[in-house]
Structure formats: C-alpha cells, structure tokens
Trainee: 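Below is the structure I would like to discuss, written out as structure tokens.
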Amino acid sequence: MPQLGLCCLFQEEPIKFRVTTARHLGTLSLSGRAAKLSTLCLHNAQALRDAIHFCSRHGIGAFRVNSRILPLKTHPDFGYELHQLPHGAEIEGCFLECGQTAAELQIRLSFHPDQFTLLSSPNPEITRKSIVELAYQAEVAEWIGADVINIHGGGAYGDKASALKRIARAIEQLDGAIRSRLTLENDERVYTPSDLLPLCRAHQIPFVYDVHHHRCLPDGLTVEEVTGMALKTWNRPPLFHISSPKEGWGQPNTNRHHDYIDIADFPDCWRQLDITIDVEAKAKELAVAQLRRQLAGI
DNA sequence: AGCGGTCAAGTTGAT
DNA sequence: ATCAACTTGACCGCT
C-alpha cells in the first residue's frame, strides 16, 4: 500500500508555521529585523519537528515542507543567511534534529517551490532568481534529509519546445544539491505528462505524476500508461499527487481542490504500488486520515 | 480583542 | 489592457 503525504499545513492540529511580510520588516531597525526573523525561523524549525512527530503518530508517511519555512529567505531586499540571525546556530541545529527524527521515524520530507520558481523563462534574470530559490530549499533539504524538490514547467511563452530546451539547459547547470533532488510535475494549464516525460528520461529527472492535473489537462495517455512511465523515471520511491475537484467534474473550473479526496478519483492502479502519494486537499490531516481509512477498506 | 486589508516573486487566460 | 487564480492562511495596524 502507498504511503500518504501531508502538504505543509494542518487543519485541526495546532501546529502553525509563521511568516512575515517585507513591508513589515521594512518598518523595523536592522537589529529588529534580525530578531523578528530569528524568532520566526526558530519557531518554524520547532514546528517542523512537531509535524514530523505528528505524522509518525498518525500513520502519515511523508510531509511537504512549505517554501516559507525560512520566511523571506531569498527576498532581494530582506534576504539573509541563518548565521546572521541571533539564533542562527540553534535554528540549524533544530533542522538537523528534524532530519535525524524524520530518518528514524521514516517520514519522507519534500519541497515544492511555488509558481515563481521557473527554469523555462526566456528572461535569464528570472532563471537566476529561481536558482537562488532552489539553492535555499536545497540547503534546508540537506539539513533535514529531504530527497525531493518538485517544480512545474512554468510557462510556454508561445513556444513549448523552446521552453523545454531552456529547462533542460538550466537543469544541466544546476549544482549537485539541487540536481539530485529536482523533480518535474505536470500542471493543469501548460505541461502534460507527454511534454515532460521525454525531458525527464533524457536528463534523469524523476517525474511527479499529478493525476488531477492530468485529468484537467489530458494528453491522450491513460492514467495507467502515465503511471507506468512515471514509475520508471525514479531512482528512489516514486512521488505522485492526488486531489479532487472542489465543484466536481463537469463543472467549469475543475482546478480548485476539494476539502477531501473522493475515493473514485483514486486510481485503482496505484493501490498496490510502493510509492508516496501527496494528498492535496484542504482538510489536510483529516483528508489524509479519511483516504487512509478508505484505502484500507474501513 | 476583533476586524479587515494585505501579502516578493510569474504566467496564463478570462473579461 | 487589466486582473484573478494558482498556494491559503496569517499577519499587522487600526479601532
């Protein structure tokens, strides 16, 4: 049976990750900024530790770490290094503990940089900033032992073939910490599995199969076909995504995520696989628990 | 204490 | 040409 993964947040369990805004930091003195960021980062490292324990206690096999675990880490004006913060060493130590605990409890950790992180852009400055973002997440990934940093293809810019070539070129220039963790996922608007799988095969990048996106943006391949092709791209346990449409299928907008997973949306061919499935549902740990019960036939 | 406006980033597609 | 939707809630300033 697959391991189920929880994404970033909790619905009921009181584990919170804190953030701040650039605007607010701008109102503070230099030392005030460092103090504020230090407090938030330490809080978030401890919250991650709590999240890992929660997953272990509740039969959840994976946890996706929010991109803002270190708030504004790569912001052009307010970015920082951990050693510049009053509790920098303590924060790093807490992340290292998270890594040990996750390894002991066998909780798989991953990252999913958001839509601003693009390797397909024709604008080199956007690519450069994206790689800075990937480097930040890779640094935390090293501390905590996360093995996946998953991104989308991004835009097509009117010429998908050229955009795919830019992704490939950028991938070949990544350093090992990023490269060894980077994965590509099909999205609901531009890049289908058919678009990404050849690139993944050619450059040894694992393919994260999101079946909901595939149903929103089909490419002629069946769920079974893509599942088989996706599995072959992995040199470690495969990671897939599941979600259900908020308003149901056949409505104008199927992109929005439902609170829970409709078991009818869960591919039968996934039931016996040794894979991790991130559950993208707004009810968070409650949705994972419900899906877990349904898969167990309870 | 409670409320509501606001929040770094890029691209697409609806209007 | 403009703007919401992606993720999505939490923060902060004001009353």
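Chain naming here is simple, since letters A, B, ... match the order of the sequence lines and numbering starts at 1 in each. Everything numeric here is computed off the predicted structure, so don't read it as measured data.
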Trainee: The side chain of Lys16(A) is closest to which nucleotide in this list: dC7(B), dA10(C), dC11(C)?
Mentor: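 Between dC7(B), dA10(C), dC11(C), the one nearest the side chain of Lys16(A) would be dA10(C).
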
Trainee: For residues Ser244(A) and Asp265(A), is any side-chain donor paired with an opposing acceptor at under 3.5 Å?
Mentor: yes

Trainee: What about the rings of His152(A) and His213(A), do their centers lie closer together than 6.0 Å?
Mentor: yes

Trainee: Which nucleotide sits closest to the side chain of Lys282(A): dA5(C), dT8(C), dT6(B)?
Mentor: dT8(C)

Trainee: Is the phosphate of dC12(C), meaning OP1 or OP2, less than 4.0 Å from a side-chain N or O of His24(A)?
Mentor: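 Yes.
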
Trainee: Could you tell me how far apart Phe17(A) (CZ) and dC11(C) (C1') are, to the nearest whole angstrom?
Mentor: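 Phe17(A) atom CZ is separated from dC11(C) atom C1' by 17 Å.
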
Trainee: Closer to the 5' end of DNA chain C via nearest nucleotide, is it Ile15(A) or His213(A)?
Mentor: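 Mapping each residue to its closest nucleotide by heavy atoms, the 5'-most match is His213(A).
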
Trainee: Please determine if a side-chain N or O atom of His112(A) lies less than 4.0 Å away from the OP1 or OP2 oxygen of dT7(C).
Mentor: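 The answer is no; no side-chain N or O of His112(A) sits under 4.0 Å from OP1 or OP2.
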
Trainee: Using atom P in both nucleotides, what's the gap between dG13(B) and dT7(C) to the nearest angstrom?
Mentor: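 So the two P atoms sit 16 Å from each other.
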
Trainee: In terms of heavy-atom contacts, does CD of Gln106(A) have more than 12 from other residues, nucleotides or ligands at under 6.0 Å?
Mentor: no

Trainee: With a 3.5 Å cut-off and just heavy-atom distances, do the side chain of Ser130(A) and the base of dA9(B) make a donor-acceptor pair?
Mentor: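 Side chain to base: no pair present.
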
Trainee: Whole angstrom is fine here: how far is it from CZ in Phe78(A) over to P in dC11(C)?
Mentor: 18 Å

Trainee: Can we say Arg179(A) and Glu172(A) salt-bridge, meaning some charged N sits less than 4.0 Å from an Asp/Glu carboxylate O?
Mentor: yes

Trainee: Side chain of Leu118(A) only, heavy atoms from C-beta on: which candidate in dT8(C), dT6(B), dG10(B) is closest?
Mentor: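 Within the option list, the nearest is dG10(B).
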
Trainee: Considering all heavy atoms of both residues, which atom of Tyr209(A) and which atom of Ala230(A) are nearest to each other, and what is their separation?
Mentor: CB-CB, 4.0 Å

Trainee: By nearest atom, which of the nucleotides dT8(C), dC11(C), dA8(B) is closest to the Arg23(A) side chain?
Mentor: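 For the Arg23(A) side chain, the nearest candidate turns out to be dA8(B).
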
Trainee: Map Phe116(A) and Phe10(A) onto DNA chain C by nearest heavy atom, then report which one ends up closer to the 5' terminus.
Mentor: Phe116(A)

Trainee: Using the purine O4'-C1'-N9-C4 or pyrimidine O4'-C1'-N1-C2 torsion, is dT12(B) syn (within 90° of 0) or anti?
Mentor: anti

Trainee: Using only side-chain N and O atoms of Arg18(A), determine if any of them is under 4.0 Å from OP1 or OP2 of dC11(C).
Mentor: yes

Trainee: Could you tell me the Watson-Crick or G-U partner of dA8(B), where both distances fall under 3.5 Å? Say none if there is no partner.
Mentor: none

Trainee: For Trp234(A) and Leu239(A): C-alpha separation, side-chain torsions, deciding distance, then whether side-chain contact (heavy atoms from CB on, under 4.5 Å) applies.
Mentor: CA-CA 9 Å; Trp234(A) 285 86; Leu239(A) 176 63; 3.7 Å; yes

Trainee: Do Arg189(A) and dT11(B) share a donor-acceptor pair, side chain to base, under 3.5 Å?
Mentor: yes

Trainee: So Leu72(A), base contact, sugar-phosphate only, or nothing? Heavy-atom distance under 4.0 Å.
Mentor: base

Trainee: The side chain of Thr20(A) is closest to which nucleotide in this list: dC11(C), dG9(C), dC6(C)?
Mentor: dC11(C)

Trainee: In this structure, how many angstroms lie between the C1' atom of dG13(B) and the CG atom of Leu217(A), rounded?
Mentor: 13 Å

Trainee: Between Lys284(A) and dT7(C), does any side-chain N or O lie under 4.0 Å from OP1 or OP2?
Mentor: no

Trainee: Does His75(A) reach a base, just sugar-phosphate, or nothing at all? Heavy atoms under 4.0 Å.
Mentor: base

Trainee: Rounded to whole Å, please give me the gap between CG in Asp259(A) and P in dT7(C).
Mentor: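 The answer, rounded to whole Å, is 13 Å.
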
Trainee: Would you verify whether the NZ or CZ of Arg33(A) falls within 45 degrees of the ring axis of Tyr80(A) while also being under 6.0 Å from that six-membered ring's centre?
Mentor: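 No, Arg33(A) does not sit over the ring of Tyr80(A).
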
Trainee: As a test of reading the structure: which of dT12(B), dG10(B), dT11(B) is closest to the side chain of Ala156(A), going by heavy atoms?
Mentor: dT12(B)

Trainee: With no hydrogens and no angle check, just 3.5 Å: does a side-chain donor-acceptor pair link Glu13(A) and His58(A)?
Mentor: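 Checked: Glu13(A)/His58(A) side chains show no N/O donor-acceptor pair below 3.5 Å.
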
Trainee: When you compare dG13(C) with dA8(B), how far apart are their P atoms, in angstrom units rounded to a whole number?
Mentor: 13 Å

Trainee: Measure the distance from CD on Glu133(A) to P on dA8(B) and round it to the nearest whole Å.
Mentor: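 Atom-to-atom, Glu133(A) to dA8(B), this comes out as 14 Å.
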
Trainee: What's the CG-P distance between Asp114(A) and dA8(B), to the nearest Å?
Mentor: 13 Å

Trainee: Can you tell me the distance, in whole Å, between the CD atom of Gln115(A) and the P atom of dT8(C)?
Mentor: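 Interatomic distance, CD of Gln115(A) to P of dT8(C): 11 Å.
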
Trainee: For dC3(B), give the paired nucleotide (Watson-Crick: N1-N3 plus N6-O4 or O6-N4; G-U: N1-O2 and O6-N3; both under 3.5 Å), or none.
Mentor: dG13(C)

Trainee: Rounding to a whole Å, what distance do you find between His152(A):NE2 and dT11(B):P?
Mentor: 15 Å

Trainee: Roughly how many Å apart are dC7(B) and dC6(C), using the C1' atom of each and rounding to a whole number?
Mentor: 15 Å

Trainee: Using a 4.0 Å heavy-atom cut-off, does Thr117(A) contact any base of the nucleic acid, only the sugar-phosphate backbone, or nothing at all?
Mentor: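 Counting heavy atoms under 4.0 Å across all strands, no contact is made by Thr117(A).
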
Trainee: Which value, in whole Å, describes the distance between the P atoms of nucleotides dT8(C) and dG4(B)?
Mentor: 24 Å

Trainee: Using a 4.0 Å heavy-atom cut-off across all strands, classify Tyr157(A) as base, sugar-phosphate, or nothing.
Mentor: sugar-phosphate

Trainee: Determine the Euclidean distance between corresponding P atoms of dT6(B) and dA4(C); express it in Å to zero decimal places.
Mentor: 12 Å

